Structures are given as structure tokens and as C-alpha cells.
Amino acid sequence: MAQQSKIIIGGLARHLVANGSISQEDAIKATEEATKNKIPLVTQIVQSKLISAFDLASTAANEFGQPFFDLSCFEYDQETAPTVNEKLIKTHHALPLYKRANRLFIAISDPLNFNALDEFKFHAGANAEAILVEDDKLSALIEKTLEAQDTSMDDLGDDDLEDLDISAGDDEDDSGAVSESEVNDAPVVKFVNKILLDAIKRGASDLHFEPYEKRYRIRFRVDGVLKEMASPPIQLAGKLAARIKVMSQLDISERRVPQDGRIKLKISKNKAIDFRVSTCPTLFGEKTVMRILDPSSASLGIDMLGYDPEQKQLYLDNLAKPYGMILVTGPTGSGKTVSLYTGLNILNTEDRNISTAEDPVEINLEGINQVNVNDKVGLTFAAALKAFLRQDPDIIMVGEIRDITTAEIAVKAAQTGHMVMSTLHTNDAPQTLARLINIGVAPYNIANAVNLIIAQRLARRLCNNCKEVEDVPREAMIEEGFPEDQIDDLKIYKANGCEQCNEGYKGRVGIYQVLPISEDMGKLIMKGGNAYDMAELAQKEGHNDLRQSAIIKVMQGVTSLEEINRVTQD
């Protein structure tokens, strides 16, 4: 208490102690913590849950006679809002909402924050009036506003944005004539670099640069869902496309055909992120899509992917086999590559020779011999496979089985003492077997070569901070496929949304169907059974389909019913 007595509490905290809202000890502790954490005292009081943001704001409004406003009812428009220096907003924890005539209305959570009003008045050249709001909502809106400003062309004063270590991911020469103005235009360089960094910070998997007749938009795919992040002037469309093409060493003079390239962005001494770049001519210019390839995703470990214990053990058991084929299937963006590389990471030991053929190589792993397929020069999947088989392989990974030639070589390799891993684009595991038959692989070869099939999807994880219990009628839950005997005691959750997540979700989790090829399944394949027959047998053998695995994730509170309905079908 001797130390606490030296601390003088004042401002709003003193008033809260005086009216009995918080104790003096709590006020002193909050003052210490706010100083230590370098945040406003009001924010510290709310974060410490000494008093709710709503109760604090309404109490302050009554005591100081200031108008109290609910920010959730206010549609904040970044384009029409008053422009204020970012430093001013951060320093005073206040945000200008709108301007009427010569009056600037400022959202604050501390009614005694007179310095904020004075500084905003000075910088804006207008009279400033305070509007009292809840601190948590103000913090969230400030963060959102500053993030939006980060991806605008107006305030890119960071000189180091021009000096980011960026290189193309290959050694091909640029065959197009490069315009100096397009390459060295500093605002464009800064803007593109800022967009790339923002995408990495937000955990985006893809960036879309899209020109239209009257507007230009940039979208990020975060947790599998596209969201618009910036809308620069349409006049910049050509310069932005040219800048990205120069970074990835593509021909900027060729705008009539699609091009593919790669960018390596070094963000620290020990970390570099690769971007796979694809351009495509559209009606109003070139659309550019960049996929972020993070090598660290391969080292997450199998426990982080979302396999059920039985599914995980099946995968590990089949990885331990000396030969045979493991197939991973699902749509684009469903995490197939990460699943394969997680397996390769487990197998990547000194005593094994591992080679991969991919189009293109997405994750770079030391200890694995990786080949980029290049159809233009004749380096197809089939050609790479043939080369691998002459180099004493133990494990072969083929990026995708697309044709009968690749399929037959892969199957023969699996039958002659090699472990082969690959992907196909089918909806579930039984359809994968039917797909192999349809492209011309003999049923007895499939039955003898394939050990395991993994079908997968990626679903968004619910945010643990804000998820809410959802009330779903029993009949509806039965219809959705939940087990009848567990419904009465079951709690399922829905997305809500808070400042810590993305519309109620944070990250993604895998949903899997893991199907080993048993003796009975092999017999069914050789008899010419179709996908429905194989699915029925898989159920009898106790292997969950994708929908059943998704329902388990809902029952565990990992994701929502709405989300699994988005990514799986009944």
C-alpha cells in the first residue's frame, strides 16, 4: 500500500471511485497497468472488466452532461469521414465521425479528454464537439479505420516500403520492354508493397486485383472468404498490373495472353514469403491473382490440421508403409498441399530419397528434391515421374494426376516398392476411386496400388472469444444429420463477431474423410462397383463421410452449422 499511495488517481477514474463504481485499489491498479501497457486508462478499466464499457459510458454521460451515442448504430464511411492525422487519433484515442458546417463531432470514451478536442480543433480548423461512446466499440472502429488508411494511397509515408527486398521466384529473363514510369513510380511501388504486407498480416491466402469499367477493387481471401480491402482509382489499373508483372519478371508488353510468375518477399532476415502470380486479360484490363505460399504451413504438424484421432492414426499407419499410394482429394484451396507436405515432413529423414513434381512447387522443403513441371519444354508430370524412377526413389509426390499416362506410371511405381503421394480433384473418397477407373486405370491395379484416400474441406473456426450458443429446433438438427440420441444434451454455437476475429471466425480447420482400401473395398473395385456402392461399404466399415466429420466439428464447438453447410453437402 505504500507504493500505491504514491499514485495519484485523477480524471474519470477519480469520479468512478467517488460514485462507488470501482474501488480505489482497483483504480490505482488500473492506472499502473495503463501506464505500463501504454493505453488509455479508460481502455484499461474496461479491459480489466472493472466496469462494462456500456455502464462506464452511460454513467459518464449522466455525470458530465455529454451526449451518449451507440457506435454500432452509426454507419462510418471512410471516404466521407473527416481526414485526420493517424498520430492524432492514436495519441488521444478519439475519432472524428462527421463534420457539419464548421463543427467537427469527435467520438471519445473519456469525457475529460479536453486535450483531444483542442488538438482536433486546431488541426481541422473547426469547432470540436465531443460525443461519448463505449470504449470497446471506439477501439474497434479506430483499429478498422487505421487499417483501411494503411491500404489507401493517401498516407504512405514509410520510406522503407520502397526498399522491401523483393525478387522474382525464378531466373527467367524479362522479355518485355519496361516503362521507367511504371516501374519506378514511387506511390505505386509503396502501394503494392503495402498491400502485400497487409495481406500477410491478415493471414490472407490469395489477393485479387480486379479492373472493371468504372472502378478497380482489391480483394483478400481470408479464411476462405473473399473480402474487398481497397479500391484505388481505375486510372491506376495499368500501372498496378505492370508493377506486379515487373516484380515477378513477366512480360509487361504482353497483355493479350495469361502469364504465370512468382515473387519472393523477404520480410526479415529469417523469413521470406513467396507469392504465386497469375495474370489474365479481361474486358477492362488484366486481372491479377496472387497466392501466398508460406513454407511454415508445412511444419504445423499433423495435430494442428484437425484430424479425428482415428483418422490421424490411419494416415500415420499408411505413411509408415514401404510402398503403395496415398491420394488426397478436394477442390482448389481445400488444403490438399498442406496435408501432403505434412506427411512428407514426417517422412523427410536422412535415409529416404524423396522427389516431388508439382505445377508449381508451392512449399520449399529442405531435404526434398522438388521439380517444377513445365509443359512448354516437355517436362510434364509423366516425364518427371519417369526421371524419378531412374534415380533410386523411396517416396514420390506428384502434384496432380490429370491423365492416364501419369496415372499408370504412378500406379506402377506404387506396385513396385515405392510410396507415391498425389492429389485428384473429386468431391469425396469413393468418387476418387471411380475417377481413376474413368480415366482408364484398370480396377485391379487400383485395388492393388491404392492404400489410402483422404477427402477434405476447410471450414472456418469459430472465435472462442465471441461465439454464442445457437438455438436450433430438434427436428431441424435431425434433418441436418445430428445423432438423435445426443441432441437433447448438445450445445452448438454460431458466429457473433468481435474485435479479435473476422465476422465471428478466426482461422480454419480441416474436415476429413479418411478411407483405407480394405480387402472388401478392393474386391468391390475389381467387381466394377460404382461410387455409391463404395460409399455404402465405407459406411459399413465405420468410416465417416465428409458431412459426418463436419457435424462432429459442430458438436465439438469448433465451427458452426452455417459454416459446414457452406463447405459440405448432405
Side-chain angles (χ1 to χ4, degrees), residues 140 143-144 147 198-207 219-227 229 291-312 315 328 330-342 363 428 454-472 477 480-483 486 490-514 544-570:
E143 183 179 356
K144 183 179 178 182
E147 283 180 356
D198 284 346
I200 294 168
K201 290 176 184 176
R202 288 173 174 269
S205 60
D206 302 87
L207 298 80
R219 294 189 291 173
F220 293 174
R221 188 180 293 278
V222 181
D223 293 338
V225 177
L226 280 169
K227 200 169 186 180
M229 304 308 300
R291 169 156 287 190
I292 299 177
L293 310 172
D294 188 353
S296 62
S297 60
S299 56
L300 289 173
I302 194 168
D303 292 321
M304 297 296 292
L305 299 186
Y307 286 97
D308 293 336
E310 298 83 3
Q311 295 175 335
K312 170 188 165 184
Y315 192 16
V328 181
T332 301
S334 60
K336 300 187 297 296
T337 301
V338 172
S339 284
L340 282 176
Y341 267 93
T342 300
I363 297 171
D428 60 20
I454 300 172
Q456 67 180 78
R457 300 289 188 275
L458 287 177
R460 291 178 293 173
R461 286 181 183 269
L462 283 168
C463 172
N464 288 324
N465 184 58
C466 66
K467 66 182 181 182
E468 293 182 343
V469 175
E470 183 174 16
D471 184 19
V472 180
M477 293 181 71
E480 292 284 359
F482 288 86
Q486 298 181 40
L490 187 63
K491 275 187 180 179
I492 67 172
Y493 296 86
K494 64 180 179 179
N496 182 20
C498 67
E499 67 278 0
Q500 298 181 19
C501 65
N502 184 29
E503 297 178 352
Y505 297 97
K506 192 174 184 179
R508 289 193 287 180
V509 64
I511 295 171
Y512 302 94
Q513 178 186 23
V514 180
N544 288 335
D545 61 21
L546 283 166
R547 180 67 183 182
Q548 291 164 335
S549 294
I551 285 173
I552 290 172
K553 290 290 188 291
V554 176
M555 294 169 66
Q556 292 171 342
V558 175
T559 190
S560 66
L561 179 58
E562 180 185 16
E563 179 65 5
I564 69 163
N565 284 337
R566 184 181 72 86
V567 299
T568 67
Q569 297 177 346
D570 291 327

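For reference, positions follow the sequence shown, starting with 1. The structure displayed is predicted, hence computed values, not measured ones.
Sorted by first and then second residue, the salt bridge (Lys or Arg N to Asp or Glu O under 4.0 Å) pairs involving residues 550-562 (not counting sequence neighbours) are Asp308-Lys553.
Checking side-chain atoms of Glu468 against main-chain N and O of Asn496 turns up no donor-acceptor pair under 3.5 Å. A donor-acceptor contact shorter than 3.5 Å links the side chain of Ser549 to the backbone of Tyr512. A donor-acceptor pair under 3.5 Å is absent between the side-chain atoms of Ser560 and the main chain of Tyr493, judged by distance alone. No side-chain donor-acceptor contact under 3.5 Å links Glu480 to the backbone of Leu561. With hydrogens and angles ignored, the 3.5 Å screen pairs no side-chain donor or acceptor of Lys312 with any backbone N or O of Ile302. A distance-only check finds a donor-acceptor pair linking the side chain of Asp545 to the backbone of Gln548 [under 3.5 Å].
Taking the side-chain contact (heavy atoms from CB on, under 4.5 Å) definition, one finds that Ala199 meets it with Ala204, Leu207, Phe220, Ile292, sequence neighbours left out. Every residue two or more places apart in sequence or in another chain was checked for a side-chain hydrogen bond (donor to acceptor under 3.5 Å, both in side chains) with Gln513, and none qualifies. With sequence neighbours excluded, no residue forms a salt bridge (Lys or Arg N to Asp or Glu O under 4.0 Å) with Arg457. In terms of the ring pair (Phe, Tyr, Trp, His ring centres under 6.0 Å) criterion, residue partners of Tyr315 (sequence neighbours excluded) are, by chain and number, Tyr307. Residues forming a side-chain hydrogen bond (donor to acceptor under 3.5 Å, both in side chains) with Asn464 (at least two apart in sequence, or on another chain): Lys467.
Residues Ile492 and Phe482 are in side-chain contact: their nearest non-hydrogen atoms beyond the backbone lie under 4.5 Å apart. A 4.5 Å side-chain heavy-atom check between Val567 and Leu458 finds every atom pair outside the cut-off. Side-chain contact check for Arg461 versus Lys506: every heavy-atom pair is 4.5 Å or farther apart. Put simply, the side chain of Gln556 does not reach to within 4.5 Å of the side chain of Ile551, judged on heavy atoms. For the pair Leu490 and Met477, the minimum side-chain heavy-atom distance is below 4.5 Å. Under the 4.5 Å side-chain criterion, counting only non-hydrogen atoms from C-beta, Thr332 is in contact with Arg291.
Defined by atom type and a distance below 3.5 Å, a donor-acceptor pair is missing between the side-chain atoms of Ser205 and Arg221.
Of all heavy-atom pairs spanning Cys498 and Cys463, the tightest one is SG-SG, 3.8 Å. When every heavy atom of Cys501 is checked against every heavy atom of Gly497, the shortest pair comes out as SG-CA, 3.9 Å. Closest heavy-atom contact between Arg508 and Arg460: CG-CA, 4.0 Å. Here the closest heavy-atom approach between residue Gly507 and residue Asp223 is recorded as N-OD2, 3.2 Å. Residues Gly557 and Leu462 approach most closely at O-CD1, 4.0 Å, considering heavy atoms.
Here the OG1-CG distance, from Thr337 to Leu293, works out to 9.0 Å after rounding to the nearest 0.5 Å. Remark: Gln486 CD to Met555 CE distance equals 3.5 Å, nearest 0.5 Å. In this structure, OG1 on Thr342 lies 4.5 Å from CG on Leu305, to the nearest 0.5 angstrom.
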- [ ] Decide side-chain hydrogen bond (donor to acceptor under 3.5 Å, both in side chains) for Ser339 and Gln456; before the verdict, give the C-alpha distance in whole Å, the side-chain angles of both, and the deciding distance to 0.1 Å.
- [x] CA-CA 9 Å; Ser339 284; Gln456 67 180 78; 2.7 Å; yes

